[in-house]
2 protein chains.
Amino acid sequence: MAKKVTIYDIAREAGFGIGTISRVLNDHPSVTPETRKKVIEVAKRLNYQPHTYAQRLARRQSETISAVIPFFTNYFFIEVLRGVQDKISELGYDLVLYGVEHPDQVEGYASRALQRGKVDGILFFSMKVPDKVLVRLKETNLPIGLVDSVSPDFDSISVANAEGAYAATAHLIELGHRRIGMINAQSVSAPALERLQGYRRALERHGLSFTDEFVRIGRNTKQDGFNRDAGYEAMTDFIKMGSEMPKAFFVSSDIQAMGAIAALNENGFRVPEDVALVGFDDIELARHMRLTTMRQPMFQMGVLAIERLVARMANPDMEILHTTFSPTLIVRESCGALIRNQN
Amino acid sequence: MAKKVTIYDIAREAGFGIGTISRVLNDHPSVTPETRKKVIEVAKRLNYQPHTYAQRLARRQSETISAVIPFFTNYFFIEVLRGVQDKISELGYDLVLYGVEHPDQVEGYASRALQRGKVDGILFFSMKVPDKVLVRLKETNLPIGLVDSVSPDFDSISVANAEGAYAATAHLIELGHRRIGMINAQSVSAPALERLQGYRRALERHGLSFTDEFVRIGRNTKQDGFNRDAGYEAMTDFIKMGSEMPKAFFVSSDIQAMGAIAALNENGFRVPEDVALVGFDDIELARHMRLTTMRQPMFQMGVLAIERLVARMANPDMEILHTTFSPTLIVRESCGALIRNQN
DNA sequence: TACAGCTTTGGAAGCCCTTCCAAAAATGTG
DNA sequence: CACATTTTTGGAAGGGCTTCCAAAGCTGTA
C-alpha cells in the first residue's frame, strides 16, 4: 500500500493548520487564493487521497445508495439498473448492490443496508418487501424508494400496468379480433392483477364480454409465473380448447410469450397468421422474435428513482410521491398489424 | 433517524468499559460468559447498530469489493455478476458496482475505487484497462482481479476462447461440413483474435485450408463488433458470394448469430437446413433461437473471481494466477446435428 | 497467608476527517 | 495612527470504533 498521506502531512509540508487544509480540499470559501494554490500543489505532490470512511464518519453521511434487486431476472432490471447507476455516478454517489436470489434474503440485506450510517438511501426493486421489514424501514426514517412495486408509505416508481394491458388489448381489438384471450401470471403478483384488470376493462369498454375461460395461468410459479414455461403451459392449455380457442392473446410478459409461441409452433400454428400475440415488457428477446409488446421506459425509471431518492434525502418531509410510467405500444409482427397494413 | 446508540451507551448501561463492549461485539475470547451475556442483552435492548464507517476506519479495512463492469451488454455479465454477488454476500462483504458505458469512464471509476481505504479489492470485467490505469493499480498494491481479460500483472479468470472456437469448428467439421466460414468481431478485441485462431487451427488440424475470404467482420463496431448488426452485415456480405458462400459458420458470439440468422432468413435461407451455425456465449436468447453454441460457465467464473480475490487479500504475495475455463458445446438445432441424428 | 501467574477489564490512543470557536491577520474608517 | 470590522487561520473537539497496555481480579500453590 502506498504510504498513507493524511491532511496532517499536507499541513506540515505546506506550513498551515489542518483546518486550512480541510477547507481547501472542500472548497470552503474562506481561504486566500495563494493559500489554496499552495495547499493544492502540496496535496498533488504528495499524492494525497482522502480517506473515504474518515470523511463519511466525520460528515455523517455515506454518499452511498444501495439497491436491493432480484437477480434472477432479465433485461428489465439491467436496464433500470443502468439508469440508476448512470444517475448515481453523475451525482458522485456509490452504489452498493444486493442481489436477491431468494425472497428470504430480502430481510438480511435490508438489515445490512440499515446499519447505522451505512447508506443514505435504499431502493427496492420489484419486490414484495415483507411487512416486518417495511415497519423497520419506516422507523429508521431512511429515504426509501420502491421501483416497480407500491406501498403507501414510500415513494414509488412503477408502470401503469392496467393502462398498458388496456392498450395492448385494445390494439388487438382494433385489428378486428373479438375473441381475445389472456395468458396471465400468478395472481399473488400485483402487476399480474393489474394487467388482468386492464385487459378486462378493454374488452368491456369495447362491448366484448369477459370470461374466465379466456384467461389462463401456467402451473410453473417461478418468478410468480412470469417465466417461459408458464407461458408454454398456458398456451398448451388454450390449444386443447380446439376450435373454441381464441385467436388473439394478450400475454402478461414477453418471456411468457416466448413459451406461448413455442407451444403454438409445436402445434402447427403460425404467428401472426393463425394466432396474434401482444406481450408486455419489451425485453431484448422481443425484438428478435418480432413480438409486438408494451415497452416500459426502464432506463428513465431508474434515473427517476434516484432523482426522487436524492430529493427525499434533501427534504425528508416531502410529500410521498407515486409515479407511474405509461408503457408504449411497440408494434412488431406478432400482432399481425404489419401484415394487414401491407395488404 | 432512530437515536444513535454507541458502545459508550452500552458500556454505561451494562456497567462495563467500552473495551469490554467492543470485545464482546467482536467475539474476542477474553470475556467471561456472564459479561458477554449481559452485554449482548443490553446491546439488543438498546437496539445497537455498529457504525460501519467507524469500524472500517478503526479496523483499517473496508469489507468492500468493487466491480467495474461494462453495462451495455447482456446476459454474460449478469450471470458472472450473479456469481460474484453470491460469493461476496456469503463472505459478508459489500459490492460496490461501477457500470461503464463508455471506455473513458474506466479511469474515473478506477480512481474512485482507489481512494485510500475505500475497497479491499477490485474486479475488472471484460475490459481493456488503459495502461495508465494498470500502472496505478500496480502501484497501489491493491488486490485486483481481471475477469474475461488478461494481463501478466494481475490474477485473471477467462474463457479458453481458442479452445472453444476450436470445438465449435470441429463440431461443424464432424457434421460433414468442409466449407466453413467465420463471422468474427473486431480484431482489437483479444477474444475475437483468440477465437479466430481456434477456428483456424481446427480447420488446419482437420486438413482443411484456411482462407481470409471465409472470415468476415461486420462494419458496426459497437462493443467491438460483438453486436447484432455486425452479424447481420457480415452474413449479408457472405450471401453476396452466391454459390461460393460457405454453408456452415462459426460465429464469434450469439448476438452476432442472431443478426446472421435474420440476414439468412431474409434471403430465403433456412437454418439449419441450408446453413448451419454455431455461436459462442450461450446467452439467454440462444436457447429460444435453438442456437448451438459454446457455453461459458459464467456463474462459476464470478464465484471463482471473488474467491481468488479474497485469497489474494489474505496473501498478497501469492503467485499470480491465470485461470481459464473451458466452454462447453451446447448442441441445439442451428448446427443441424439434431436433424441428422433424427434421420 | 503470601505471592506468582493467569484472566478479565478499563480506557487512552489512534484511525482520519470535518467543524466550530477563538485568535491572528488584514482591511477599512475617521 | 488607533480602532472597529472583516477575513483568514489554527487546532481542539467530535464522529464511533478497535486495540494495546496497564491495572485489577482470580486461581492455585507452598
Side-chain angles (χ1 to χ4, degrees), chain A residues 1-40 42-43 46-64 92 94 114-120, chain B residues 1-40 42-43 46-64 92 94 114-120:
Chain A
M1 204 69 66
K3 284 286 147 313
K4 41 233 171 125
V5 181
T6 73
I7 52 171
Y8 288 86
D9 299 314
I10 302 182
R12 195 174 344 97
E13 193 82 3
F16 288 100
I18 55 161
T20 301
I21 309 303
S22 178
R23 261 167 248 133
V24 170
L25 265 17
N26 291 289
D27 283 324
H28 190 91
S30 70
V31 190
T32 52
E34 305 89 72
T35 305
R36 162 160 289 126
K37 197 173 147 209
K38 169 123 204 204
V39 169
I40 288 180
V42 173
L46 299 186
N47 190 24
Y48 171 75
Q49 298 269 47
H51 188 116
T52 318
Y53 300 124
Q55 289 182 316
R56 291 182 181 176
L57 179 58
R59 287 185 186 149
R60 259 149 282 193
Q61 54 148 309
S62 68
E63 282 151 349
T64 106
D94 274 343
L114 250 31
Q115 280 193 32
R116 192 156 41 100
K118 186 145 178 186
V119 302
D120 292 340
Chain B
M1 202 72 65
K3 284 286 147 315
K4 42 236 173 119
V5 182
T6 72
I7 53 171
Y8 287 87
D9 299 313
I10 303 182
R12 196 174 343 97
E13 192 83 3
F16 288 100
I18 56 161
T20 302
I21 309 303
S22 177
R23 262 166 246 133
V24 170
L25 264 19
N26 291 290
D27 283 325
H28 189 91
S30 69
V31 190
T32 53
E34 305 89 72
T35 304
R36 162 159 288 126
K37 198 173 146 208
K38 170 122 203 207
V39 170
I40 288 180
V42 174
L46 299 186
N47 189 25
Y48 171 76
Q49 297 269 46
H51 187 115
T52 318
Y53 300 124
Q55 289 182 315
R56 291 182 181 176
L57 180 58
R59 288 186 185 147
R60 258 146 283 193
Q61 54 146 310
S62 69
E63 283 152 351
T64 300
D94 276 342
L114 250 32
Q115 279 193 32
R116 193 157 38 104
K118 186 143 177 188
V119 303
D120 292 341

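Lettering follows sequence order; numbering is per chain, from 1.
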Discussion item. I want to check one thing: is the phosphate of C:dT8, taken as OP1 and OP2, less than 4.0 Å away from some side-chain N or O of B:T35?
Written reply: no
Discussion item. Just N and O in the side chain of A:T20: are any of them under 4.0 Å from OP1 or OP2 of D:dG10?
Written reply: yes
Item to complete: Using atom types as modelled and distance alone, determine if a side-chain donor or acceptor of B:R116 lies under 3.5 Å from a backbone N or O of A:V5.
Response: yes
Practice prompt. State which residues pass side-chain contact (heavy atoms from CB on, under 4.5 Å) with B:T52; sequence neighbours excluded, sorted by chain then number.
Written response: A:Q115, A:K118, B:R56
Worksheet item: What's the CD1-P distance between A:I10 and D:dT9, to the nearest Å?
Response: 15 Å
Worksheet entry | Axis deviation across the helix from C:dT1-D:dA30 to C:dG30-D:dC1, five-pair ends, to the nearest 10° | 50°
Discussion item. Just to verify, what does B:T20 make a side-chain hydrogen bond (donor to acceptor under 3.5 Å, both in side chains) with, not counting sequence neighbours?
Written reply: none
Fill in: Atom-pair distance (NE2 on A:H28; P on C:dC17), nearest Å
18 Å
Practice prompt. Measure from CG on B:D9 to P on D:dG15 and round the result to the nearest Å.
Written response: 11 Å
Discussion item. So, using side-chain hydrogen bond (donor to acceptor under 3.5 Å, both in side chains) as the criterion, who are the partners of B:K38 when residues are at least two apart?
Written reply: none
Worksheet item: Reading nucleotides 16-24 of chain D from the 5' end, what letters show protein touch, with B for base, S for backbone sugar-phosphate only, - for no heavy atom under 4.0 Å?
Response: BBBBB----
Worksheet item: Which part of the nucleic acid does B:T32 contact within heavy-atom distance under 4.0 Å: base, sugar-phosphate only, or nothing?
Response: sugar-phosphate
Worksheet item: Which residues pass the side-chain contact (heavy atoms from CB on, under 4.5 Å) test with A:I21, sequence neighbours left out?
Response: A:I7, A:I10, A:A11, A:F16, A:L25, A:V39
Worksheet item: Once you round it to whole Å, what is the distance between C1' of C:dT7 and CZ of B:R36?
Response: 14 Å
Worksheet, complete the sentence: Across all chains, not counting sequence neighbours, the salt bridge (Lys or Arg N to Asp or Glu O under 4.0 Å) partners of B:D9 are B:R12
Worksheet item: Who are the side-chain hydrogen bond (donor to acceptor under 3.5 Å, both in side chains) partners of A:Q61, not counting sequence neighbours?
Response: none
Worksheet item: Partners of A:R59 by side-chain hydrogen bond (donor to acceptor under 3.5 Å, both in side chains), sequence neighbours excluded?
Response: A:N26, A:E63
